[in-house]
J.: 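What follows is a structure written as structure tokens; I'll ask about it next.
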Protein chains: 2
Amino acid sequence: MHTLNPTKPPRRDATENRLAILDSARVLLNRDPEASLEAIAAGAGLSRRSIYGHFATRDELIGEIQTLGGRRVTAALAHIDHADSRVAIALIGARLWSEVENVRVMAQLAVRGPQRAVFAETLRPVRAKLLDIVRRGIAAHELRGDMDALTLANLIEGAALSVLDEAIRANLSNADGHRLVMLATLSTAGLSWHEASAVITQHPELQFSASSAPAGTESSES
Amino acid sequence: MHTLNPTKPPRRDATENRLAILDSARVLLNRDPEASLEAIAAGAGLSRRSIYGHFATRDELIGEIQTLGGRRVTAALAHIDHADSRVAIALIGARLWSEVENVRVMAQLAVRGPQRAVFAETLRPVRAKLLDIVRRGIAAHELRGDMDALTLANLIEGAALSVLDEAIRANLSNADGHRLVMLATLSTAGLSWHEASAVITQHPELQFSASSAPAGTESSES
DNA sequence: AATAACTTGCACATCGCTGTGCAAGTTATG
DNA sequence: CATAACTTGCACAGCGATGTGCAAGTTATT
């Protein structure tokens, strides 16, 4: 037996608990993509049994995390646009940093998760946007021209994820992570670090601010 | 009960099988770091039971792979040196590509493997070498100067691994993978793609050749 | 305070994986 | 060919994880 509620409005604490579970799962799956329900429940301050009141199966839980994370990341990147593709790419890097936790768990699940088959669909709009920017950038000679747009887009994505990992592992401050991810994406896009730095300092919207800090992580400031 | 042989010279087919097991394990663990012994045995054309004739436990098998892979990668990078740090870094990228399979499985196990605690030790010499090169490069203003050497070395390592993944996923040809890994490391090191391309084309030892192809992978040429 | 919603603990069935014992095969090697 | 080395299949014990049933608690809501 799983969800107990027969199409009635759920109780307030129940929905809180549901969120707590999703939260705990997101955090734990970031460390270990096969964290047990036992551990996840503990992290949420609940018993393992209770999880089955909210999610029929483990896979359903993970599915929720995927779609939720997907929504957040998509939303974070939705309104990005800039005539200069380099600025647009840096902006993407910055937004990804502000959503590190969601981005990383999604990356994990996209590779090893039970739904990896259907998951490309979720990421399609985001990837399409990046690909578009990259195309424009190559045409405008703002980005490197030695490979096709799709490959470059994939590499930028890979670089961003790798740096996200590195930044978390090194426990970087929010400001440092912010800058590093932008630099990494721009470097991969073909800019030298001088050019990349210049792009960043010349555009106020790329400066770090509290609102561009990752949510949910109260990591130490270096 | 594990190893059957009482300190006698092992039979010829036995050692062959041992190698086959290690080989299969290396390949399968690349896809799934928790591949079952059943699957590994099948990949080696043996029965699960036979594995226990060669390795006492799963962890022992994985330990073997780690140290073996570590040896190969260390050996591949041992004799690299060049006055120009950029060339040295490109060379490292090239050699990593020639050892993709070992490198990737090591990266996996270094994070999730049962021995990850002691494993940093194995990689120490390689990392020290990279760090040294990076230091020299920064001092000589050949590489980016906007972060400390250790961070940059870590980023280069991360970029290399991420591109290795990407190259495998995209099923790149040997020549393409070769070039891409070098470009990625150089980009991360601070060069623009123009500079990076220039470095590569100006140094014959960076050109792709059969001997710089990854061993063991008969992947399709794109 | 009464009720329905939710949580919990325990017991249990199931699954997949590891590791071992043993007896019967197969194969390298002298 | 004779022997020791190696492989195999089967059976079994153990572990940790998922998922379910149920009865007894706790808590939000009216």
J.: Look at the side chain of B:R48 and the base of D:dG9, then say whether one donor and one acceptor between them are separated by less than 3.5 Å.
T.: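 No.
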
J.: Does C:dT8 have OP1 or OP2 sitting under 4.0 Å from an N or O in the side chain of A:S50?
T.: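 Result: yes.
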
J.: Flag the pair A:V73 / A:L77 as yes when at least one side-chain heavy-atom distance between them is below 4.5 Å, and no otherwise.
T.: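 Yes; the side chains approach each other to less than 4.5 Å.
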
J.: Return the value, rounded to whole Å, for the distance between atom CZ of B:F55 and atom P of C:dC17.
T.: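 The answer, rounded to whole Å, is 20 Å.
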
J.: Can we say B:R18 and B:E64 salt-bridge, meaning some charged N sits less than 4.0 Å from an Asp/Glu carboxylate O?
T.: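 Salt bridge present between B:R18 and B:E64.
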
J.: Rounded to whole Å, how long is the line connecting atom CG of A:L46 with atom P of C:dG9?
T.: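 So the two atoms are 10 Å apart, to the nearest Å.
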
J.: Distance from B:Q66 atom CD to B:F119 atom CZ, nearest 0.5 Å?
T.: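 One gets 4.0 Å once the value is rounded to the nearest 0.5 Å.
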
J.: Over how many whole Å does the gap from B:I21 atom CD1 to C:dT18 atom P extend?
T.: 13 Å

J.: Pick the nucleotide of DNA chain C nearest each of B:D13 and B:E34; which residue has the one closer to the 5' end?
T.: B:E34

J.: Output the rounded distance in Å from CZ (B:R18) to P (D:dC6).
T.: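 Between P of D:dC6 and CZ of B:R18: 12 Å.
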
J.: Give the rounded distance in Å between these two atoms: CD1 of A:I51 and C1' of C:dG9.
T.: 15 Å

J.: Could you state the atom-to-atom distance from CG of B:D32 to P of C:dC17 in whole Å?
T.: 10 Å

J.: Quick one: is B:N17 getting a side-chain N or O under 4.0 Å of the D:dT7 phosphate, OP1 or OP2?
T.: yes

J.: Can a donor-acceptor pair under 3.5 Å be found between the side-chain atoms of B:R11 and the base atoms of C:dT27?
T.: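 It does, because a donor-acceptor pair links the side chain of B:R11 to the base of C:dT27 below 3.5 Å.
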
J.: Rounded to whole angstroms, how far apart are OH on B:Y52 and C1' on C:dT20?
T.: 9 Å

J.: Calculate the interatomic distance between A:L37 atom CG and C:dT14 atom P; express it in whole Å.
T.: 20 Å

J.: Counting heavy atoms from C-beta on, name the nucleotide in C:dG19, D:dT18, C:dT7 closest to the side chain of B:T57.
T.: C:dG19

J.: Please confirm whether any donor atom in the side chain of A:R49 sits under 3.5 Å from an acceptor in the base of D:dG19, or the reverse.
T.: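 Per atom types, no contact qualifies.
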
J.: For the side chain of B:S47, counting heavy atoms from C-beta on, which of D:dG9, D:dA28, D:dC6 is nearest?
T.: D:dG9

J.: With a 4.0 Å cutoff (strictly under), does any side-chain N or O of B:H54 reach OP1 or OP2 of D:dT7?
T.: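 The answer is yes; a side-chain N or O of B:H54 sits under 4.0 Å from OP1 or OP2.
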
J.: Within the 3.5 Å criterion, strictly below it, is a donor on B:S50 or B:S47 matched to an acceptor on the partner's side chain?
T.: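 On atom types as modelled, these side chains qualify, holding a pair under 3.5 Å.
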
J.: What nucleotide, of D:dT29, D:dA28, C:dG19, holds the atom closest to the side chain of A:R12?
T.: D:dT29

J.: Going through the distances and angles, do A:S162 and A:D165 end up as a side-chain hydrogen bond (donor to acceptor under 3.5 Å, both in side chains)?
T.: CA-CA 5 Å; A:S162 146; A:D165 272 2; over 6 Å; no

J.: Hey, which of these two, B:A14 or A:D59, hits DNA chain D nearer its 5' end, going by closest nucleotide?
T.: B:A14

